[in-house]
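Proteins get letters first, then strands, A, B, ... in listed order; numbering begins at 1 in each. What you see is a predicted model, and the numbers here were worked out from it, not measured in a lab.
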Amino acid sequence: MHIKEIQNGILLEGVKDFDAVHIFECGQSFRWNKENDGSYTGVAYGRVINVSSNYENEAVTINNTNLEDFQNIWHDYFDLGRNYGEIKKILSEDSVMEMAIQHGRGIRILQQEPWEMVISYIISANNNIPSIAKSLNLLSEFYGKPLQYSGKTYYAFPTIEELESAELQDINRCKAGFRCKYIYNSVKLIHSKEVDLDSIKQMDTETARKHLMRLPGVGPKVSDCIMLFSMQKYDTYPIDVWIKRITEHFFVGRDVKMKDIQSFAKDKFGDLAGFAQEYLFYFSRINKIM
DNA sequence: TTGCAGGGGTCAA
DNA sequence: TTGACCCCTGCA
């Protein structure tokens, strides 16, 4: 990979397996917006950047950043140290996976912030994507720091401290309904380190899941999402309604128990289950498989 | 325009 | 194992 500094940004050349559309539309993040030119603007790690890519030319442009932030933040955020070609090769031995991967060949699993993922996926329960994004944006607007880019104001995701100062009535303003009290109480547990996200990240998957599920509003599916999208636990296979449908449809037949799908994924995909889940999720959404 | 169903699950009974 | 759950959106 070759890194070039450009006007207020960087240009990466020789980046394989990177497609901004696939990365930002595969359901792992909620705060990236598509611009008219096809690029994506979003906020992460307290910074706003704009990303565009060309899969064939193996080129990626990141605007509003510099070399230092790229090396310290964005390199890992976009998981650029991982060989996705190898992962796709292994998973493609299965014909269903080969088909799914063809549709989402440029997916990469972002290394996001655990704290932000906890709140994001608590809000995601029994909810739809526009509503989830709306609540997260309101929360950021109310409690996060404002950031300027290209004549517009964006908001950083609030820190634990910023949200800890909020009363339940305040959090209710983010329109997350019955999930607001989950947020309020989870914030307390995380802030007091009773649930310590840093140490949970170091635990093995099973232990980490148990600890995460002590947070109100965090069940099996939400904890798996937190671990996959922010703790590099790639042996997880978060099972939402879509993944349940597609796994039943293509692999295990009709209407089985969650536990059966879980053990299927473990046997079939092993340490690559999380990657398989993302390719399958993206595939099921763009093809509206019911 | 109004009304109703259902949604990226979790919790409590 | 089964409903209720806030709020919003899509669709008659």
Side-chain angles (χ1 to χ4, degrees), chain A residues 22-33 42 100 104 107 109-110 112 114 116-142 157 166-190 195 208-231 233 236-249 255-262 265 273-290:
Chain A
H22 297 168
I23 290 171
F24 297 124
E25 307 282 356
C26 74
Q28 60 180 324
S29 58
F30 300 103
R31 301 199 65 212
W32 288 91
N33 292 318
I107 288 175
I109 297 186
L110 300 171
Q112 304 180 76
E116 181 175 341
M117 292 301 100
V118 169
I119 304 303
S120 300
Y121 283 91
I122 285 176
I123 292 176
S124 80
N126 188 229
N127 209 345
N128 51 60
I129 292 173
S131 291
I132 300 165
K134 188 172 195 175
S135 290
L136 288 169
N137 285 333
L138 285 172
L139 214 49
S140 302
E141 242 180 271
F142 295 146
F157 194 79
E167 294 301 325
L168 180 56
Q169 294 95 310
D170 298 326
I171 293 179
N172 278 327
R173 291 187 302 159
C174 81
K175 300 185 190 299
F178 63 88
R179 306 166 196 85
C180 290
K181 63 179 183 294
Y182 298 153
I183 296 172
Y184 179 76
N185 290 316
S186 287
V187 167
K188 298 290 175 214
L189 288 171
I190 294 169
V195 174
R209 183 184 285 115
K210 281 198 191 92
H211 281 264
L212 284 172
M213 283 175 59
R214 292 173 56 207
L215 295 168
V218 178
K221 191 271 178 180
V222 169
S223 64
D224 280 3
C225 284
I226 296 165
M227 290 191 290
L228 179 57
F229 301 136
S230 67
M231 296 183 174
K233 307 221 177 293
T236 54
Y237 191 77
I239 303 167
D240 55 47
V241 290
W242 295 94
I243 286 299
K244 185 170 187 295
R245 284 174 196 154
I246 197 167
T247 308
E248 285 170 350
H249 180 73
D255 205 16
V256 293
K257 301 260 187 295
M258 289 295 185
K259 217 179 67 183
D260 301 324
I261 298 182
Q262 196 71 255
F275 300 102
Q277 195 268 7
E278 284 306 280
Y279 292 119
L280 288 170
F281 183 81
Y282 184 71
F283 175 72
S284 72
R285 292 312 301 265
I286 59 172
N287 290 291
K288 299 203 178 354
I289 289 174
M290 298 299 251

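With sequence neighbours excluded, the residues that form a side chain to side chain donor-acceptor pair (under 3.5 Å) with A/Thr247 are A/Tyr237. Not counting sequence neighbours, the partners of A/Phe24 by the ring-ring contact (aromatic ring centres under 6.0 Å, His included) test are A/Trp32, A/Tyr40. Listed by chain and residue number, A/Glu164 satisfy the salt bridge (charged side-chain N to carboxylate O under 4.0 Å, His left out) test with A/Lys188 (two or more places apart in sequence, or in another chain). Every residue meeting the side-chain contact (heavy atoms from CB on, under 4.5 Å) condition with A/Asp260, not counting sequence neighbours, appears here in chain and number order: A/Val256, A/Lys257.
Of the residues in residues 176-186 of chain A, A/Phe178, A/Tyr182 come within less than 4.0 Å of DNA chain B through at least one heavy atom, sorted by number. Within residues 118-133 of chain A, the residues approaching DNA chain B are A/Ser124, A/Ala125, A/Asn126, A/Asn127, A/Asn128, A/Ile129, A/Ile132, by heavy-atom distance under 4.0 Å. Contacts with DNA chain B (heavy atom under 4.0 Å) in residues 212-223 of chain A: A/Leu215, A/Pro216, A/Gly217, A/Val218, A/Gly219, A/Pro220, A/Lys221, A/Val222, listed by number.
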_Taking Watson-Crick (N1-N3 plus N6-O4 or O6-N4) and G-U wobble (N1-O2, O6-N3), each under 3.5 Å, can you produce the dot-bracket string of DNA chain B? Use [ ] for crossing pairs and | for inter-strand ones._
.||||||.|||||
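Looking only at distances, a side-chain donor or acceptor of A/Ser284 sits under 3.5 Å from a matching main-chain atom of A/Phe281. A/Gln28 places a side-chain N or O within donor-acceptor distance of the main-chain N or O of A/Leu110, the cut-off being under 3.5 Å.
Considering only heavy atoms from C-beta on, A/Phe30 comes within 4.5 Å of A/Tyr121 through its side chain. A 4.5 Å side-chain heavy-atom check between A/Asp224 and A/Ile239 finds every atom pair outside the cut-off. A heavy-atom distance below 4.5 Å is found between the side chains of A/Thr236 and A/Arg209.
First and last contacts of DNA chain B with chain A, using any nucleotide atom under 4.0 Å from a protein heavy atom and ordered 5' to 3', fall at B/dG7 to B/dC11. Taking 4.0 Å as the cutoff to heavy atoms of chain A, we find the contact window on DNA chain C bounded by C/dC5 to C/dC8.
Spacing between C/dC7 and B/dT1 at atom P, rounded to whole Å, works out to 23 Å.
Base contact: A/Phe30 has a heavy atom under 4.0 Å from a base atom.
The side-chain hydrogen bond (donor to acceptor under 3.5 Å, both in side chains) pairs that include a residue from residues 129-142 of chain A are A/Arg31-A/Asn137, A/Arg31-A/Ser140, A/Asn128-A/Ser131, where partners are two or more places apart or lie in different chains. Pairs engaging residues 167-177 of chain A under the salt bridge (charged side-chain N to carboxylate O under 4.0 Å, His left out) rule: none recorded [sequence neighbours left out].
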